[in-house]
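Below: the structure, in structure tokens.
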Amino acid sequence: MKTFAFRSIATGMLVAGPTTLVAQETVLELGTIHIYADRRGEDVKDQPRAVSILNEQDLDTSPTEPGAGIARNAPGLTFSGFGQPGTDFLNIRGVGPLGYPLSATDHTVAYSVNEVPTSTFGFPPSLFDMEQVEVVRGPQGTLFGRNALAGGVNFRPKGADGTRERRLTIEAGSDGHLIADVAAGGWLLEDRLAGRVAMRFQDFDGDVPNTIAGGTEGGASLSAARVSLTGYTDSGWTLSAMFQADRRESHNSYLLYHEHPNFPEAGGARRPTHSRENRQVVLSAERDFDTFSFTSLTGFQRQDVTGDVAGTDAYTFAALYGLPPGNFSDPSTDYFLTNETEDIFSQEFRLSSLGEGELSWTLGANYFLSDYDGQRDAVSASQPTSNGVTNVDIETESWSVFADGTWALSDRLRLSGGIRHGWEAQSVNGKYVSNGFPGTLPSYDQYDRIEDHYTTGRVGLSYDFSDATTGYVSWSTGFAGGGYEKLLVGSATGVPTAPFEAASIRTWEAGLKFASLDDRADFNLALFHNDVKNGQMFDYEFQGGQVFYTFTNQDYRSYGLEFDGSYRVTNALRLRGSLSLLDSEMFNVSASTNTGAQNGNQVPLSPGVSATLGFDYDISGAAVGLTGDIRLSSDWSHVGARKADIGNTFDLPAYDIVNARLSWLRGTATYYAFANNLLDERPVHFSSQYTPSVHTASVGTGPVVGLGVSMDF
């Protein structure tokens, strides 16, 4: 049963208040938008590549799908995953972790915080107090560090710059939805030392009943804090530090019986519990010299991920074997307990050009080190080769040097290009000990190591047809290093885990960018073609009464069109929307795979059509007898059907999400009402086929409605 939890509106209500209205007004006055993922802060309009800049109001605050809003607000992106830390991911233009991130360092889509790389475990970082999120589509092998095969996402939290701000935002809604944000910033020492602190508490009871173990699934909670400091020295140095710590806990199952008459209804014998604790430090030192600027970026990150989940769902297995659900309700006979940690260190030094001269450039060197340790304790009748205790250590180390630049050939024509050369090594040290399950070895050890060398590059031309319109063409390459999957699935039977191969991509892209000088209209159009060699894929198969995991490399192509834009119909009404069309096919399919893959199959988890449409409508409060101003906003997003697996045996269903918000801006406070997922769609983000009539699924959050207030002091 759904409940309303309007706990003390005075103490219980999100981040939309003044922040939302101010941010949206900023969108109405477009001006120059800078992208920092290019390492030199150029105007987005001058970039010969497809870029989306998302502001705070674009970021979905869904407790169970914190990364879904990024995909819904950037064309060409698709959100997928198991609803558990370390297993949610994006693919871009049909390229990315296709089925499951193969390891913690699976960077086919590269994620970074303030330009410092994080891992799959770090996606997404806690999305609060964000200045912007930069989504760069297409291979970004020259600037985004290791393995940005599909593209990159750079998260930029608001930093300490001396601006005085004191903000409190509180929101409450149905099913125990609660968010409380606090942010404060300003000078600690005038013109010398600036500081900023931001905190978030978020809770959601969940909306998926578990009628076997009891309670409710689909809930999540988050506690997070971030402290930023920026200091300015007499000698011209700008020194900054960001410290962040957060803990996220979620209760989601990826084994829900999709054909259940009351779907979604959980039947796990254990209520799933997963948590991620993240501690991150980013240190930056910058100084402008006579002819260039110097930047040092240092990152430290520690992530701890734990899980406790049933290995079966009673309703799924009752349908599979024709037995009563009670036969699968013993929590001690089928479970997975996991404990994973990852330590990351990264260091980048770079030199960049100053100002806006004819040549804008950056060059530098980067070092990355990841140390992953995982332990899995499993008891499972359905997955016999998973039984026992498996300990895995995977160390990844990479060095690279890079250069990237833009040369103004004339007032209107620019040549852009870059190159990166790198070396990467990954080692695996695994140990398995059986729990006595029939057919498993008493113990098994594996140690292996691989190395890769790579060179990636890009070249592009952009031309200003007018002050408002720019066209571009580009060619770029990308690389994703080979490595070892973290499950070591063959250990129980003594089969060594072979490394998956390195993947590479070549992409052609042409686009058009328009921004009217009166800020009335803007749009971006891009056409692209991807050619992927040895794309890294995962498959989850049920055969002969057993579950099998398969990791494979396959070639595939994807091509398509992306459009996004906005138009101010009147001073009060602005429309916005996007459209993404994608076609893909696998080719040169290896005959050795048992996944059902064959030439001509579509790439999994990649919808052929996705689209958004939204509006903002402003009303003077005086027109309705109120002081201040009123804004009505609504957004519709559509994600089309997409193939669920490599074998193209079934489709994940299309879904539509409609959100609405009514805000009243009065002085320094904003009061608002919101309704998310008005159509009560339950998006399926991952699914597996056991038989043609039995499928499992992980689902998104249902409708949430509530009230909120945000105040500046």
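We're numbering straight along the sequence, starting at 1.
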Could you check whether the rings of F79 and H685 sit parallel, tilted or perpendicular, using 30° and 60° as the cut-offs? perpendicular
Search all heavy atoms of R248 against all heavy atoms of A220 and return the closest pair with its distance. NH1-CB, 4.1 Å
If only side-chain N and O atoms count, and only distance matters, is there a donor-acceptor pair under 3.5 Å linking T316 with T696? no
side-chain contact (heavy atoms from CB on, under 4.5 Å), that's the test. Do Q536 and N553 meet it? Break it down for me. CA-CA 5 Å; Q536 299 158 353; N553 290 82; 3.6 Å; yes
Any side-chain donor-acceptor pair under 3.5 Å between D448 and Q446? yes
Contact between I646 and N601 at the side-chain level, heavy atoms closer than 4.5 Å - yes or no? no
Y432 side, atom OH; N387 side, atom CG - distance, nearest 0.5 Å: 6.5 Å
Donor-acceptor under 3.5 Å (S698 side chain, G81 main chain): yes
Side chains of L222 and R200: closer than 4.5 Å at any heavy-atom pair? yes
Is the backbone N or O of R302 less than 3.5 Å from a side-chain atom of Q280, with the two atoms forming a donor-acceptor pair by type? no
Taking all non-hydrogen atoms of both residues into account, name the closest pair between P124 and R276 and its distance. O-NH2, 3.2 Å
When you measure from the side chain of S250 to the backbone of N252, do you find a donor-acceptor pair of N or O atoms at a distance under 3.5 Å? no
Hey, is D304 close enough to R279 for a salt bridge, meaning N to O under 4.0 Å? yes
Note: S329 and I212 closest approach over all heavy atoms is CB-CG2, 3.8 Å
Determine yes or no for a side-chain-to-main-chain donor-acceptor pair under 3.5 angstrom, with D88 supplying the side chain and G83 the backbone. yes
Where the side chain of Q375 meets the backbone of V392, is there a donor-acceptor pair that is under 3.5 Å apart? no
For a quick check under 3.5 Å, do Y372 and E340 share a side-chain donor-acceptor pair by atom type? yes
Scan side-chain atoms only and decide if Q301 and D343 contain a donor-acceptor pair under the 3.5 Å cut-off. no
Between the side chain of N648 and the main-chain N/O of D645, is any donor-acceptor distance below 3.5 Å? yes
Spell out, as yes or no, whether a donor-acceptor pair under 3.5 Å connects the side chain of E485 to the backbone of L487. yes
Six-ring centre of F128, R226 cation under 6.0 angstrom, axis tolerance 45°: yes
Would you please say whether a donor-acceptor pair under 3.5 Å links the side chains of Y254 and T87? no
Would you indicate whether the side-chain heavy atoms of D680 and L678 approach each other to under 4.5 Å? no
Student check: side-chain heavy atoms of T701 and N677 closer than 4.5 Å: no
Separation of S223 OG from R247 CZ (nearest 0.5 Å): 8.5 Å
Using distance alone, with no hydrogens and no angle criterion, decide if E217 and N210 have a side-chain donor and acceptor under 3.5 Å apart. yes
Measuring from atom CZ of R642 to atom OG of S687, what distance do you get when rounded to the nearest 0.5 angstrom? 9.5 Å
May I ask you to say whether R682 pairs ionically with D207, meaning some side-chain N is under 4.0 Å from a carboxylate O? yes
Salt bridge present between D308 and R270 (N-O < 4.0 angstrom): yes
Can F317 and Y690 be said to form a ring pair (Phe, Tyr, Trp, His ring centres under 6.0 Å), step by step? CA-CA 9 Å; F317 278 71; Y690 281 47; 5.8 Å; yes
Specify the closest pair of heavy atoms between A269 and A213, including all atoms of both residues, with the distance to one decimal. O-CB, 3.6 Å
Looking at side-chain heavy atoms only, is the closest gap between L679 and I657 below 4.5 Å? no
Quick check: does any side chain N or O of T312 sit under 3.5 Å from a backbone N or O of A314, one acting as donor and the other as acceptor? no
Assign the ring pair Y257 / H260 to parallel, tilted or perpendicular, where the plane angle (0 to 90°) is split at 30° and 60°. perpendicular
Hey, does the side chain of N91 reach the backbone of L605 with a donor-acceptor pair shorter than 3.5 angstrom? yes
Indicate whether any N or O donor in one side chain lies under 3.5 Å from an N or O acceptor in the other, for D246 and S126. yes
Could you tell me which non-hydrogen atom of P272 sits nearest to which non-hydrogen atom of S253, and how far apart they are? CG-N, 4.1 Å
Mind checking whether V309 and H274 have side chains closer than 4.5 Å, heavy atoms only? yes
Verify side-chain hydrogen bond (donor to acceptor under 3.5 Å, both in side chains) between S370 and T396, making sure each step is shown before the conclusion. CA-CA 5 Å; S370 165; T396 306; 4.9 Å; no
Got Y444 and S491 here, is their nearest side-chain heavy-atom distance under 4.5 Å? yes
Residues in side-chain hydrogen bond (donor to acceptor under 3.5 Å, both in side chains) with H695, at least two apart? E259, Q689
Walk me through it: do T108 and F89 pass the test side-chain contact (heavy atoms from CB on, under 4.5 Å)? CA-CA 10 Å; T108 44; F89 56 91; over 6 Å; no
Judged by atom type as modelled, is there a donor-acceptor pair below 3.5 Å linking the side chain of S174 to the main-chain atoms of V705? yes
What is the minimum heavy-atom distance between L256 and V699, and which atoms define it? CD1-CG2, 4.0 Å
Can you check whether V684 reaches H258 side chain to side chain, under 4.5 Å on heavy atoms? yes
Just verifying a value: how many Å separate F123 CZ and T118 OG1, rounded to the nearest 0.5 Å? 11.0 Å
Take S119 and E342 through the side-chain hydrogen bond (donor to acceptor under 3.5 Å, both in side chains) test and state the conclusion after the steps. CA-CA 9 Å; S119 72; E342 184 185 25; 2.5 Å; yes
d(T338 OG1, F336 CZ) to nearest 0.5 Å is 10.0 Å
Taking it one step at a time, do T169 and I179 satisfy side-chain contact (heavy atoms from CB on, under 4.5 Å)? CA-CA 8 Å; T169 306; I179 296 178; over 6 Å; no
Supply the atom-to-atom distance Q303 CD to N278 CG, rounded to the nearest 0.5 angstrom. 4.5 Å
Is the distance between the ring centroids of F500 and F551 under 6.0 Å? no
Parallel, tilted or perpendicular: which one describes the rings of Y111 and F155, with boundaries at 30° and 60°? tilted
